[in-house]
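One-based numbering along the sequence shown. Because only heavy atoms are used, hydrogens play no part in the values below, and waters and symmetry mates are left out as well, while side chains stay in.
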Amino acid sequence: MREALGLAPAKPAPEKRKHHPSSYILVELSVRKLSGGPPFRFEYKSRSLSTLEAKLEAEKAVRKKGLEVWAVLDVRQVSE
């Protein structure tokens, strides 16, 4: 009753935990520079539900960095 009238200090509200599922699609690509050279591994994590969309996002990220896709090594869903 005292709390409702503002006479007593209010109890702190309980903290709400945000539950974020840590699931993502890991796309591993073999890429190389546009000028040539040896290929190297490029990993991209996508929050997409679709493996095809995740692959397209990864290829777009590779092109944005000035590289070219040599081969797709692996596309898999990872749950932590």
Side-chain angles (χ1 to χ4, degrees):
M1 176 88 172
R2 294 177 62 88
E3 289 177 18
L5 295 174
L7 300 174
K11 296 179 183 176
E15 293 182 24
K16 293 183 180 180
R17 289 189 180 188
K18 294 182 181 178
H19 178 65
H20 294 290
S22 55
S23 176
Y24 56 90
I25 295 178
L26 180 65
V27 181
E28 295 178 1
L29 302 171
S30 179
V31 300
R32 66 181 191 159
K33 294 181 181 179
L34 291 175
S35 60
F40 57 93
R41 183 180 300 263
F42 181 86
E43 293 183 354
Y44 182 80
K45 293 180 183 179
S46 174
R47 290 284 191 197
S48 174
L49 297 175
S50 166
T51 56
L52 177 62
E53 188 174 340
K55 181 181 164 222
L56 292 174
E57 288 175 7
E59 290 175 353
K60 185 177 179 180
V62 167
R63 287 192 305 270
K64 189 174 183 180
K65 289 187 179 233
L67 303 169
E68 69 175 336
V69 177
W70 187 253
V72 177
L73 300 175
D74 192 21
V75 179
R76 63 187 158 144
Q77 185 158 3
V78 178
S79 298
E80 293 178 347

At what distance, to the nearest 0.5 angstrom, does [atom1] of [X] lie from [atom2] of [Y]?
X     : Y     : atom1 : atom2 : value
Glu28 : Phe42 : CD    : CZ    : 11.5 Å
Ser50 : Glu57 : OG    : CD    : 9.0 Å
Leu29 : Trp70 : CG    : CH2   : 14.0 Å
Tyr24 : Ser48 : OH    : OG    : 15.0 Å

Going hydrophobic residue to hydrophobic residue with side-chain gaps under 4.5 angstrom, can you get from Leu56 over to Val27?
no
Are Phe40 and Val62 connected into the same hydrophobic cluster when the rule is that any two of I, L, V, M, F, W, Y join if their side-chain heavy atoms are below 4.5 Å apart?
yes
Locate the shortest heavy-atom distance separating [X] from [Y]; write the atom from each residue and the value.
X     : Y     : result
Ala54 : Ile25 : CB-CG2, 3.7 Å
Val72 : Glu59 : CG2-OE2, 4.3 Å
Glu43 : Leu26 : CB-CD1, 4.2 Å

Side-chain heavy atoms of Leu67 within contact of Lys33, under 4.5 Å
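Yes, their side chains come closer than 4.5 Å.
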Quick one: list whatever passes salt bridge (charged side-chain N to carboxylate O under 4.0 Å, His left out) with Glu53, sequence neighbours left out.
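None.
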Mark yes when over 12 heavy atoms from residues, nucleotides or ligands other than Leu49 sit less than 6.0 Å from its CG; otherwise mark no.
no
Does the Ser30 side chain pair with the main chain of Pro39, one donor and one acceptor, at a distance under 3.5 Å?
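Checked: no pair found.
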Is there a donor-acceptor contact under 3.5 Å from the side chain of Arg47 to the main chain of Ser23?
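Checking the backbone N and O of Ser23 against the side chain of Arg47, a donor-acceptor pair under 3.5 Å is found.
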